[in-house]
Chemist: 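Handing you a structure now.
None of these values were measured; they are calculated from a predicted model. In what follows, chains are A, B, ... by sequence order, proteins preceding strands, each numbered from 1.
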2 protein chains.
Amino acid sequence: MSKITSSIQEPGAEEKIKEAAKKVFLAKGYAATRTRDIAEEAGLNLALLNYYFRSKENLFHIVMMEKLQLFFNSMIAVFSNKELSLDGKIDTFVDRYITVLVQYPDLPIFIMSELHQRPQEFLKEMKVREVIQQSGLLQQIQERLKLSGGVMSTVHPIHFIMNITSLCVFPFIAKPIFQSLTGLEKEGFIALMEQRKVLVPIWIKQMLGG
Amino acid sequence: MSKITSSIQEPGAEEKIKEAAKKVFLAKGYAATRTRDIAEEAGLNLALLNYYFRSKENLFHIVMMEKLQLFFNSMIAVFSNKELSLDGKIDTFVDRYITVLVQYPDLPIFIMSELHQRPQEFLKEMKVREVIQQSGLLQQIQERLKLSGGVMSTVHPIHFIMNITSLCVFPFIAKPIFQSLTGLEKEGFIALMEQRKVLVPIWIKQMLGG
DNA sequence: AACAAATTTAATCATTTGATTAAATTATTT
DNA sequence: AAATAATTTAATCAAATGATTAAATTTGTT
C-alpha cells in the first residue's frame with residue numbers, strides 16, 4: 001500500500017508540526033503557546049516536536065523567521081524595484097500589501113508583539129536598514145518633496161514610510177477595536193480594507209504634493 | 001516613630017503591587033508575566049499578591065481596565081468635545097495623543113496585543129461604539145467630505161478615524177522596526193514623534209479636502 | 001498593657017510545562 | 001528474510017508556576 005491516497009501527498013510529521021506551530025504561535029504568541037497545543041494541532045505525539053525541532057525556542061525561531069520574510073518580502077520587493085517610479089511604488093505596494101494582510105490578518109500583531117520582546121534577536125538578521133537605503137525610495141521621496149516645495153520639503157522622508165505603512169497595517173492591528181466601533185463582521189471589515197487599496201495611494205500622493 | 005520620613009507618604013502594599021503589576025504586564029504581556037516577577041518588582045512577598053488581589057487573572061483585569069481608560073480617555077475627551085470644530089478636534093487630538101504616547105510608548109502594543117486575545121472580554125465594557133456615535137465626529141467628517149466634493153465625498157467616515165489613529169499610534173507599535181530602519185536611539189525617535197504633532201494634522205486636513 | 005484584627009512571611013501544594021527516555025513500531029537496506 | 005536505521009509512542013522527569021496555609025509579626029482598639 002502506497003501512502004498516496006489521492007493525487008495529493010500528505011505532509012510528513014516534521015512539516016505537520018511546523019504548520020501547526022505557525023498556526024498556534026500566530027494565534028497566541030510565543031509566551032501563551034504550549035508545546036502540547038502544537039502537538040495536538042498537528043495530531044502527533046508531543047515528543048516528535050523535540051525530536052524534529054529540539055526545543056520550543058528553536059521551533060519558534062524558525063517560524064518567526066519565515067513570518068518575518070512574509071511580512072517584509074512583498075514590501076521590500078516593491079520598494080527596491082528600480083523599474084518603478086515613486087507613484088508606481090506607492091500604487092503597487094499598497095495593493096499588494098493589503099492583499100497579503102487580508103490573507104494573513106493576524107500577521108502584523110504577531111510580528112509587532114514578538115519584536116517588542118527581543119527586538120535585536122530577529123531584526124539584526126533581517127538587515128532592513130541596508131535594503132531600504134539601497135532601494136532608492138528615500139531619494140525618490142526627497143526629490144518629490146523638493147519639487148513640490150512648501151512646508152514638507154524639509155521633512156525627513158522616513159515620515160512618509162511611516163505614513164504608508166501605518167495606513168496599510170494599523171487597521172489590521174486595531175481590528176478588534178474598529179470592528180467593535182463599526183459593528184462590522186469579518187466580511188465588512190475586509191470590504192473596508194479593499195476600499196483602502198485605492199484610497200491610501202490617493203492620500204499618500206496628497207501628502208507628498210502639499 | 002511615624003512612617004513618614006519626608007513629606008511624601010510611601011504607598012501601601014496593595015498599591016505597590018498594582019504599580020508593579022502595571023509595569024510588568026505592560027512590558028511583558030499577560031502570558032509572559034510571572035506573579036513572582038510582580039512580587040519581586042514590588043519588593044514584597046508573593047503571597048501578598050493573592051491576599052490583596054485573589055489571582056493573577058483578577059489583578060490583570062484591574063490593570064487592563066485602567067490602561068484601556070488611559071488609551072481611550074484622551075481620545076474620547078477630544079472627539080466628544082462639542083466646543084471643537086473638526087479642525088480643532090484634529091489639532092487637539094494629535095497633539096494630546098502623541099504626548100500621551102511619548103509618555104507611555106509601550107501602551108499601544110500592550111493594548112492591541114491583549115485585545116487580540118480575548119476581544120470581547122474588555123471591549124464590551126468600554127462601549128466605544130456608543131461614545132463615538134454620540135460624539136458628532138462622524139457627522140463632522142461627512143459634512144466636510146460633502147463640502148469638498150470629489151472622490152472622497154462617498155467614502156465612509158470611519159476611514160478617517162482609521163487614518164488619524166494610524167498615523168499617531170502605529171509608529172509606536174512598529175518602533176523597533178523604525179529604530180532599526182533609521183538607526184535612531186530613543187531620543188531621536190521621540191524627536192520624530194514631536195515633529196508629527198504638527199505634520200499629522202496637516203496631512204489629515206489634506207486628505208479631507210481632496 | 002492586653003486583646004483582637006490585619007498584615008506579612010516562609011514553606012508547601014497541586015498543576016502545568018518543556019523536555020527526555022526506553023521501548024515499540026515502521027521503514028529501509030543488505 | 002534478516003538486520004539496521006528511522007520514526008513514533010507512552011511514561012516519566014525536573015523545573016516552573018499560581019495559589020494556599022499556618023505561623024509570625026505588626027497594627028489598631030479597648
Side-chain angles (χ1 to χ4, degrees), chain A residues 1-5 8-65 110 113-114 117-118 121-122, chain B residues 1-5 8-65 110 113-114 117-118 121-122:
Chain A
M1 271 294 261
S2 166
K3 277 163 94 182
I4 301 163
T5 40
I8 184 101
Q9 174 72 272
E10 197 198 29
E14 186 169 355
E15 195 58 24
K16 277 185 187 171
I17 290 167
K18 201 162 102 176
E19 287 309 307
K22 281 186 193 169
K23 188 169 173 182
V24 181
F25 278 137
L26 214 75
K28 317 219 281 185
Y30 178 81
T33 292
R34 306 293 161 236
T35 52
R36 281 164 176 83
D37 299 340
I38 296 173
E40 192 182 6
E41 175 68 34
L44 295 172
N45 190 288
L46 168 62
L48 292 177
L49 188 152
N50 297 92
Y51 179 76
Y52 285 109
F53 295 97
R54 191 168 66 248
S55 67
K56 176 191 178 185
E57 179 63 35
N58 187 241
L59 176 55
F60 176 74
H61 197 276
I62 292 167
V63 168
M64 183 69 178
M65 288 310 294
F110 170 76
S113 194
E114 300 300 337
Q117 320 297 327
R118 4 178 170 184
E121 182 180 349
F122 296 105
Chain B
M1 269 289 260
S2 167
K3 278 163 95 184
I4 301 163
T5 39
I8 185 103
Q9 173 73 271
E10 195 197 29
E14 185 169 356
E15 194 57 25
K16 276 185 187 171
I17 290 167
K18 199 161 102 176
E19 287 309 308
K22 280 185 193 170
K23 188 170 174 182
V24 180
F25 278 137
L26 216 75
K28 317 219 284 185
Y30 178 80
T33 292
R34 306 290 159 239
T35 52
R36 281 164 177 83
D37 299 340
I38 295 173
E40 193 182 5
E41 175 68 34
L44 295 173
N45 191 288
L46 168 62
L48 292 177
L49 188 151
N50 297 93
Y51 179 76
Y52 285 108
F53 296 96
R54 192 169 66 250
S55 67
K56 175 190 178 185
E57 179 63 35
N58 188 242
L59 176 55
F60 176 74
H61 197 276
I62 291 166
V63 169
M64 182 69 178
M65 288 311 293
F110 170 76
S113 195
E114 300 299 338
Q117 320 295 328
R118 4 180 172 184
E121 182 179 350
F122 296 104

Chemist: When you compare the protein's N or O atoms with those of nucleotides 5-8 of chain C, which come within less than 3.5 Å of each other, and at what distance?
Modeler:
from: C:dT7; atom 1: OP2; to: B:Tyr51; atom 2: OH; distance (Å): 3.1
from: C:dT8; atom 1: OP2; to: B:Tyr52; atom 2: OH; distance (Å): 2.8

Chemist: Between the main-chain N or O of A:Arg34 and the side-chain N or O of A:Asp37, is there a donor-acceptor pair closer than 3.5 Å?
Modeler: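 Yes, the answer is positive, given that a donor and an acceptor are paired below the 3.5 Å cut-off.
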
Chemist: Rounded off to whole Å, could you give me the CG-to-C1' distance for the A:Asn50 and D:dT12 pair?
Modeler: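 Taking atom C1' of D:dT12 as the reference, CG of A:Asn50 is at 14 Å.
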
Chemist: Say you draw a straight line from CD of A:Glu121 to CE of A:Met65; how long is it, rounded to the nearest 0.5 Å?
Modeler: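 The CE atom of A:Met65 is 9.5 Å from CD of A:Glu121, to the nearest 0.5 Å.
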
Chemist: Do we see a donor-acceptor contact under 3.5 Å between the side chains of B:Glu57 and B:Tyr30?
Modeler: yes

Chemist: Do B:Gln117 side-chain atoms and A:Ala27 backbone N/O form a donor-acceptor pair below 3.5 Å?
Modeler: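 Such a contact is found between B:Gln117 side chain and A:Ala27 backbone.
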
Chemist: Does B:Lys18 make a cation-pi contact with B:Tyr52 (under 6.0 Å, within 45 degrees of the axis)?
Modeler: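 No.
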
Chemist: Take atom CG of B:Asp37 and atom C1' of D:dG18, then tell me their distance rounded to the nearest Å.
Modeler: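 Roughly 12 Å, once rounded to whole Å.
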
Chemist: Could you check which of D:dA19, D:dT21, C:dA19 has an atom nearest any side-chain atom of B:Ala47?
Modeler: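 It is D:dT21.
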
Chemist: Would you tell me if any nitrogen or oxygen in the side chain of B:Thr35 comes within less than 4.0 Å of OP1 or OP2 on D:dG18?
Modeler: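 Yes, within the criterion.
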
Chemist: Would the B:Phe110 and B:Phe25 ring centres measure less than 6.0 Å apart?
Modeler: no

Chemist: Taking atom CZ as the centre, does B:Arg118 end up with more than 12 heavy-atom neighbours from other residues, nucleotides or ligands that are less than 6.0 angstrom away?
Modeler: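 Check passes, neighbour count above 12.
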
Chemist: For the pair B:Arg36 (side chain) and B:Thr33 (backbone), establish whether a donor and an acceptor sit closer than 3.5 Å, ignoring hydrogens and angles.
Modeler: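 The answer is no, because no donor-acceptor pair under 3.5 Å joins these two groups.
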
Chemist: CD1 of A:Ile17 versus C1' of D:dT7: gap in Å, rounded?
Modeler: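 Going from CD1 in A:Ile17 over to C1' in D:dT7 covers 11 Å.
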
Chemist: Extract from the structure each pairing of a protein N or O with an N or O of nucleotides 12-16 of chain C at less than 3.5 Å, listing the distance.
Modeler:
none

Chemist: Between atom CD in B:Glu40 and atom P in D:dA16, what is the gap in whole Å?
Modeler: 14 Å

Chemist: Using atom CZ of A:Arg54 as one end and atom C1' of C:dA19 as the other, report the distance to the nearest whole Å.
Modeler: 13 Å

